[in-house]
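Numbers here simply count residues along the sequence, with the first being 1.
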Amino acid sequence: MQYSGTVKWASPSNIALVKYWGKHGRQLPRNGSISLTLKECISETSITYRIDSAQQGMEVDFTFEGKQNPAFSNRIEKYLTSIQDHLPWLRNAKLNIESQNSFPHSSGIASSASAMSAIAMCLVDIKRTIEDTIEIDTELSSNLARLGSGSAARSVIPLIGQWGACDLEGSSDDHAIAYGEFVDPIFHNYHDDICIVSAAEKSVSSTAGHGLMDKSVFAQARYTQANNRLYAITSAMKTADLDQFISIVEDEALTLHGLMLCSEPSFVLLEPNTIKIIEAIRTYRKESKIPVCFTLDAGPNIHMLYPAAYAKDIADWRDTIIKPFCHNGRIIKDEVGYGPNKLH
Ligand code: DP6
């Protein structure tokens with residue numbers, strides 16, 4: 001049999017509220033995590049494929065933003081080889097993969113979640129053509145995205161993705177589940193202003209980062225804490241208890257960095273301006289009573305989270321107080337979105 005064609009998908013990044021930090025086995029998380037799926041920070045990926053049982057072995061050509069990228073290319077090829085048990089036709093496939101991000105390459109925004117989930121969506125779409133089925137299998141997309149990058153499992157889910165087996169019904173270590181329908185609608189268009197403190201790619205590589213947990217004396221306590229917080233934050237999100245939500249979200253970000261600060265080796269990813277923004281957010285929240293809070297990835301940039309209803313109130317303060325702390329005044333205005341989109 002022979003199949004050929006081109007599929008193209010846009011898939012977003014996501015920002016974790018309770019963080020995935022520590023993994024084992026074949027990309028399995030040590031604790032459950034939950035995130036907001038974003039709208040603006042996306043990867044657009046196309047795969048032109050030719051599958052021919054006469055072809056022996058897989059051939060991959062990968063370009064990122066129009067250029068060859070050996071490091072990324074290597075990772076993609078390893079990934080595609082690793083999932084041939086799920087998609088056996090990859091063994092006889094010639095793939096031309098082109099990917100680009102909506103967000104600037106030098107913004108320090110982690111791109112593996114959007115990039116790997118976009119590839120996973122393309123692959124599941126090809127599988128759909130081969131099997132002549134109508135529906136995209138979201139569970140499989142999330143599973144395949146996870147095998148590329150853990151956090152990518154959550155990016156294929158609209159609104160809010162939860163990944164990792166825990167007390168929540170349907171939760172799994174293999175794939176993320178949709179959690180949006182169980183929370184107050186205030187979270188369905190929550191805003192995330194991403195304050196670019198440093199454009200340098202100053203983040204610990206995920207392999208190194210998760211590996212730090214294996215030797216951490218806090219490991220067990222951390223996994224228990226994360227699972228308890230998952231329970232607490234989902235309860236807070238059901239009732240829109242924003243005080244409780246903020247307290248968990250901010251402490252999660254600081255715990256992640258606390259763990260990195262005292263890891264062996266230690267990573268200091270917070271910049272002076274990261275701390276200044278954290279202080280400014282806390283002062284403003286106290287004075288204005290506006291429920292704005294922060295979270296962080298494994299890097300220095302602040303994700304400033306708040307309900308859409310406060311967007312107007314926050315704008316002036318953000319542009320006068322927060323913007324000067326950002327690299328070239330750069331703030332990416334994002335919000336919760338609906339997950340991957342097929343492009344034509
Ligand atoms: C701090 O998903 O990038 O952003 O599975 O090794 O690719 P790999 O790791 P990755 O780790 C993300 C860590 C985090 C927290 C989170 O997104 O939950």
- Task: Side-chain contact test, heavy atoms from C-beta onward, threshold under 4.5 Å: evaluate it for W9 versus L343 and give yes or no.
- Result: no

- Message: Rounded at 0.5 Å granularity, tell me how far CG in L17 sits from CD1 in I246.
- Response: 12.0 Å

- Does T234 reach the main-chain N or O of L230 with its side chain, forming a donor-acceptor pair under 3.5 Å? yes

- Message: I'd like to know whether K215 forms a salt bridge (Lys or Arg N to Asp or Glu O under 4.0 Å) with E264, so could you lay out the CA-CA distance, the side-chain angles of the two residues, the decisive distance to 0.1 Å, and finally the verdict.
- Response: CA-CA 8 Å; K215 291 187 284 172; E264 174 65 53; 5.8 Å; no

- Message: Can you tell me how far apart CD1 (I186) and OG1 (T239) are? Round to the nearest 0.5 Å.
- Response: 10.5 Å

- Note on the structure: Rounded to the nearest 0.5 angstrom, the CG-CG distance for L90 and D85 is 10.0 Å

- Does any N or O in the side chain of N227 come within less than 3.5 Å of the main-chain N or O of C166, such that one atom is a donor and the other an acceptor? no

- Indicate yes or no: does R229 engage E252 in a salt bridge with an N to O separation below 4.0 Å. yes

- Any side-chain heavy atom of V60 within less than 4.5 Å of one from M58? yes

- For L269 and A298 the tightest heavy-atom approach is CD1-O, 3.4 Å

- Task: Nearest 0.5 Å please: distance from the OG atom of S99 over to the NZ atom of K8.
- Result: 10.0 Å

- Is there side-chain contact between Y190 and F245, with at least one heavy-atom pair below 4.5 Å? yes

- Under the 3.5 angstrom rule, does the side chain of D334 hit a backbone N or O of D193 as a donor-acceptor pair? no

- Please confirm whether the backbone N or O of S117 pairs with a side-chain atom of S155, one donor and one acceptor, at under 3.5 Å? no

- Message: Check the orientation of F72 and F62. Use parallel for under 30°, tilted for 30 to 60°, and perpendicular for over 60°.
- Response: perpendicular

- Item | Non-hydrogen atoms of G329 and K323 that approach each other most closely | O-CE, 3.2 Å

- Shortest non-hydrogen contact from F325 toward I277: CB-CG1, 3.7 Å

- Mind checking what makes side-chain contact (heavy atoms from CB on, under 4.5 Å) contact with T295, not counting sequence neighbours? I15, K19, V249, A253, H303, L305

- Item | side-chain contact (heavy atoms from CB on, under 4.5 Å) between I160 and E181, worked out | CA-CA 9 Å; I160 293 162; E181 63 186 292; over 6 Å; no

- Query: Do F218 and V204 sit in the same hydrophobic cluster, where Ile, Leu, Val, Met, Phe, Trp and Tyr count as joined when their side-chain heavy atoms come under 4.5 Å apart?
  - Reply: yes

- Heavy atoms only: give me the nearest L296-L256 pair and the separation to one decimal. O-CD2, 3.9 Å

- Query: Under a 4.5 Å cut-off applied to non-hydrogen side-chain atoms, are R75 and S149 in contact?
  - Reply: yes

- Does D167 have any side-chain contact (heavy atoms from CB on, under 4.5 Å) partners at least two apart in sequence or in another chain, and if so, which? none

- Query: Strictly under 6.0 Å, is that where the ring centroids of H191 and Y310 end up?
  - Reply: no

- Query: Counting only N and O atoms by type, is there a donor-acceptor contact under 3.5 Å from the side chain of N92 to the main-chain atoms of Q55?
  - Reply: yes

- Task: Kindly say whether G22 contributes a backbone atom to a donor-acceptor pair with the side chain of H210 at under 3.5 angstrom?
- Result: yes

- Query: Below 4.0 angstrom, N of the basic side chain to O of the carboxylate: do E250 and R282 qualify?
  - Reply: yes

- Task: For N301 and C195, run side-chain contact (heavy atoms from CB on, under 4.5 Å): C-alpha distance rounded to whole Å, both residues' side-chain angles, the deciding distance at 0.1 Å, then the answer.
- Result: CA-CA 6 Å; N301 300 326; C195 309; over 6 Å; no

- Non-hydrogen atoms of G180 and H188 that approach each other most closely: O-NE2, 2.8 Å

- Message: Aromatic contact between W163 and H175, with the criterion being ring centroids under 6.0 Å apart: yes or no?
- Response: no

- Item | Pair listing, salt bridge (charged side-chain N to carboxylate O under 4.0 Å, His left out) test, anchored in residues 116-134, at least two apart | D125-R128, D125-K342, K127-E131

- K289 side-chain N/O to K286 backbone N/O, donor-acceptor pair under 3.5 Å: yes

- Main-chain N/O of S263 paired to S266 side chain as donor or acceptor, under 3.5 Å: no

- Is there a donor-acceptor contact under 3.5 Å from the side chain of Q100 to the main chain of S102? no

- From E59 atom CD to L80 atom CG, the distance as rounded to the nearest 0.5 Å: 13.0 Å

- How close do I321 and A280 get, heavy atom to heavy atom, and via which atoms? CG2-CB, 4.0 Å

- Message: Just verifying a value: how many Å separate S151 OG and D297 CG, rounded to the nearest 0.5 Å?
- Response: 8.0 Å

- Task: Please check if the side chain of S247 supplies one atom and the backbone of D243 the other of a donor-acceptor pair under 3.5 Å.
- Result: no

- Residues E139 and R146 bridged, charged N to O under 4.0 Å: no

- Regarding T37 and R154, is there a side-chain donor-to-acceptor distance under 3.5 Å anywhere? no

- Can you tell which of T6, T129, N96 makes a side-chain contact (heavy atoms from CB on, under 4.5 Å) with Y49? T129

- Message: side-chain contact (heavy atoms from CB on, under 4.5 Å), that's the test. Do Q68 and D61 meet it? Break it down for me.
- Response: CA-CA 9 Å; Q68 301 284 337; D61 183 66; 3.9 Å; yes

- Message: Looking only at side-chain N and O atoms, does D52 offer a donor or acceptor that is under 3.5 Å from a partner on Q2?
- Response: yes

- Item | Y306 ring center near F294 ring center (under 6.0 Å) | no

- Task: Starting from the C-alpha separation in whole Å, work towards a yes-or-no answer on side-chain contact (heavy atoms from CB on, under 4.5 Å) for W21 and M260.
- Result: CA-CA 10 Å; W21 199 238; M260 285 189 281; 3.8 Å; yes

